[in-house]
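The analysis underlying the following values was restricted to heavy atoms, covering all of them including side chains, and did not include hydrogens, waters or symmetry mates. Reminder, nothing fancy here: chain letters follow the sequence lines and each chain counts from 1. What you see is a predicted model, and the numbers here were worked out from it, not measured in a lab.
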Number of protein chains: 2
Amino acid sequence: MDKDNDLTIRQPVAAKPKIPPPSIFAKPFARSTDPGVVQLLTEDEQAALIAISRVVEFRRHTVIYPEGGRSRFVYNVISGVAETYCLLPDGERRVSSFLFPSDLLGLSENGEYVATAQALTPLTAYKMPFEDLARLVRRDPDLDVVFLCKLCHELRQAERHTVTAIHNDARARVAGFILWLWRSEVTALTDDTTVTLPMLRHDIADYLGLSTEAISRALHQLETGGLIQRRGPRALQLLNIQELRRAAREI
Amino acid sequence: MDKDNDLTIRQPVAAKPKIPPPSIFAKPFARSTDPGVVQLLTEDEQAALIAISRVVEFRRHTVIYPEGGRSRFVYNVISGVAETYCLLPDGERRVSSFLFPSDLLGLSENGEYVATAQALTPLTAYKMPFEDLARLVRRDPDLDVVFLCKLCHELRQAERHTVTAIHNDARARVAGFILWLWRSEVTALTDDTTVTLPMLRHDIADYLGLSTEAISRALHQLETGGLIQRRGPRALQLLNIQELRRAAREI
DNA sequence: GTCATAAATTGATTCAGGTCAGTTTTCTTC
DNA sequence: GAAGAAAACTGACCTGAATCAATTTATGAC
């Protein structure tokens, strides 16, 4: 129960003034690896975005949108964590990404969602009709640049994920994943070293191209080595971040 | 020598009217998996792009731009093949992408090239000052949409690459790579089944997260199985595309 | 709280692919 | 065309992760 509260704001979104400011649009590079690059939108631009947005809530394990569905809406995560996955013909699930506050969901290539998006925790998000957004962007070139940059950033992140996932062993992949989670989570604002794992081992395994058993063993290794400490299956304590980064081959 | 001629137009670009039409802008989705989606620019838009572009040539193994360099130019491949890679602290090379005619090179997140781009074959490309391009895009929202879609498409391709690379064995990865090359090469226009491999085994290995030996063995396997035939180290004949697609787990 | 079920962990075995070594082929330069 | 160098291939061996099986721990319903 504590864990859920850590991850999301559970209070109902009743009065509009009470909701947090639009995350991604206010700081599209909040999670950039380059901390110098933060691009802000003007008040007017934020207001215009809020005007076409609706705040929506999803409960744990709810589908936000289904693979193959007509992509009419774009979402911008406010709080909580989501994942996207495709279902293969043989029934396998293939996790393609995890989304955190400020991340953008649902942009598609050809008007069709390419993956199913599902809430892993209670989740709140801005929901924008794609058409309205496109119209807004068309009128405001600056807004467009923000989107381009955001996409570019995501592209780089996807490339980075490929490269690290492909060339590292299980221990390094898991170490890297933990660090990524740590940096992604809202709790990163306070400088505590607790990481919450809102997804199943199965999802992590799939995302990293490993088996669930390999995840367990890698966590065990990292714990034995004194880099982390497991506090139940959903929480980790980072004991030695310097060593973790080395284990993830970031150094 | 024959091979080089297959891949690139070697004649000097003297008279402007003789150069081929701007590839990507004319058909940004030429290599999309969804053949229905082809978005064309108007004559005016193409002319505007050509006006700010200069056609440049690179010889084999020439660096187009270096990692970390100030990203002042964006390139659009006309003919030839390029690769991008990062150099790791330990001297390792990490190949992040291969670029074909109509592909876009050099878009960066923060004004700095994130990888080195190198020509694998003689290469011609449109070279555009980023500033001019940005100004053009700012004035013409339609152009912007083209770029957004292109980026979106590349993002999906990167995700697809991750997913396939991570979950498949060596044989499947190599089969998939061969098919991707086949579909990417200019020769795909004629329906011949020859695939040219302009890059080294080392580069393929790195891109797919395998060893060079594993590439050799996988090619051997595919040849033994009657799916392909090796015609020297730089050329392959596809004998059974249906089976190749199955081997690549595309079906 | 107890029970039922799902998830996570641990151990034993197997196998794909990495590594190392050696050979053959191809490319380059004279 | 010949010689040297680089790249590609092949084989032998070994490591790391998948798989299978069993146990422990956590979660959710009552």
Side-chain angles (χ1 to χ4, degrees), chain A residues 1-5 7 59-61 83 92-93 95 120-122 165-175 177-178 196-225 228-236 247 249, chain B residues 1-5 7 59-61 83 92-93 95 120-122 165-175 177-178 196-225 228-236 247 249:
Chain A
M1 41 178 88
D2 265 359
K3 295 148 201 167
D4 277 351
N5 283 332
L7 280 162
R59 278 186 295 184
R60 271 179 59 148
H61 305 139
E83 68 176 358
E92 280 278 311
R93 253 165 55 124
V95 176
L120 290 172
T121 66
I166 243 177
H167 290 94
N168 293 339
D169 63 8
R171 182 166 165 274
R173 291 189 207 184
V174 172
F177 184 73
I178 291 170
T196 311
L197 306 167
M199 65 292 283
L200 297 179
R201 293 291 185 272
H202 178 264
D203 294 326
I204 303 175
D206 190 51
Y207 183 68
L208 296 178
L210 297 166
S211 62
T212 54
E213 294 93 331
I215 305 292
S216 279
R217 278 186 258 268
L219 287 174
H220 179 76
Q221 267 186 67
L222 292 172
E223 192 165 33
T224 306
I228 61 166
Q229 186 164 358
R230 285 187 273 190
R231 301 207 179 285
R234 305 257 94 75
L236 298 175
R249 310 211 336 162
Chain B
M1 43 181 85
D2 265 358
K3 294 147 200 165
D4 278 351
N5 283 333
L7 280 163
R59 279 186 296 185
R60 269 180 58 152
H61 304 141
E83 69 177 357
E92 281 278 311
R93 253 164 56 123
V95 175
L120 290 173
T121 66
I166 241 177
H167 289 94
N168 292 340
D169 62 10
R171 182 168 166 273
R173 292 189 207 184
V174 172
F177 184 72
I178 292 170
T196 312
L197 306 167
M199 64 294 283
L200 298 178
R201 294 288 185 275
H202 178 263
D203 294 326
I204 304 175
D206 190 50
Y207 183 67
L208 296 178
L210 297 167
S211 62
T212 53
E213 293 93 331
I215 305 292
S216 280
R217 278 186 259 268
L219 287 174
H220 180 76
Q221 267 187 67
L222 292 172
E223 192 165 33
T224 306
I228 63 167
Q229 186 163 356
R230 286 187 273 189
R231 301 208 180 285
R234 306 257 94 75
L236 298 174
R249 312 210 336 161

Interatomic distance, [X] [atom1] vs [N] [atom2] [rounded to whole Å]:
| X | N | atom1 | atom2 | value |
| --- | --- | --- | --- | --- |
| B:M199 | C:dC27 | CE | P | 16 Å |
| A:R173 | D:dG16 | CZ | P | 14 Å |
| A:L197 | C:dT9 | CG | C1' | 15 Å |
| A:L236 | C:dA8 | CG | P | 12 Å |
| B:H167 | D:dA17 | NE2 | P | 15 Å |
| A:L120 | D:dT27 | CG | C1' | 16 Å |
| A:H202 | D:dA18 | NE2 | P | 12 Å |
| B:I215 | D:dC9 | CD1 | P | 10 Å |

Checklist entry - Which residues in residues 203-212 of chain B have at least one heavy atom lying under 4.0 Å from any atom of DNA chain D? => result none

Which one, [options], comes nearest to the side chain of [X]?
| X | options | answer |
| --- | --- | --- |
| A:R201 | D:dA8, D:dA12, C:dT9 | C:dT9 |
| B:D169 | D:dT10, C:dG17, C:dC27 | C:dG17 |
| B:R234 | C:dC27, D:dT27, C:dT10 | C:dC27 |
| A:E213 | D:dC9, C:dG18, C:dT10 | C:dT10 |
| A:R230 | D:dA26, C:dT10, C:dT26 | C:dT10 |
| B:L200 | C:dG18, C:dG11, D:dA8 | D:dA8 |
| A:R217 | C:dA12, C:dC27, D:dT10 | C:dA12 |

Checklist entry - Closest approach of A:D206 and A:R93, non-hydrogen atoms and distance? => result OD2-O, 3.1 Å

Checklist outcome for this item: Heavy atoms of B:R173 and B:L208 approach each other most closely as NH1-O, 2.6 Å

Next on the checklist: Could you work out how much the helix from C:dG1-D:dC30 to C:dC30-D:dG1 bends, comparing the axis of its first five pairs with that of its last five, to 10°?
Outcome noted: 60°

Next on the checklist: Using the side-chain hydrogen bond (donor to acceptor under 3.5 Å, both in side chains) criterion, which residues pair with B:E223? Sequence neighbours excluded.
Outcome noted: B:R230

Checklist entry - How is B:R171 classified with respect to the nucleic acid when contacts are heavy atoms under 4.0 Å: base, sugar-phosphate, or nothing? => result nothing

Checklist outcome for this item: Residue pair B:L219/A:A170 against DNA chain D: nearer the 5' end by closest nucleotide is B:L219

Checklist entry - Could you give the distance from CG (A:L210) to OG (A:S216), rounded to the nearest 0.5 Å? => result 11.5 Å

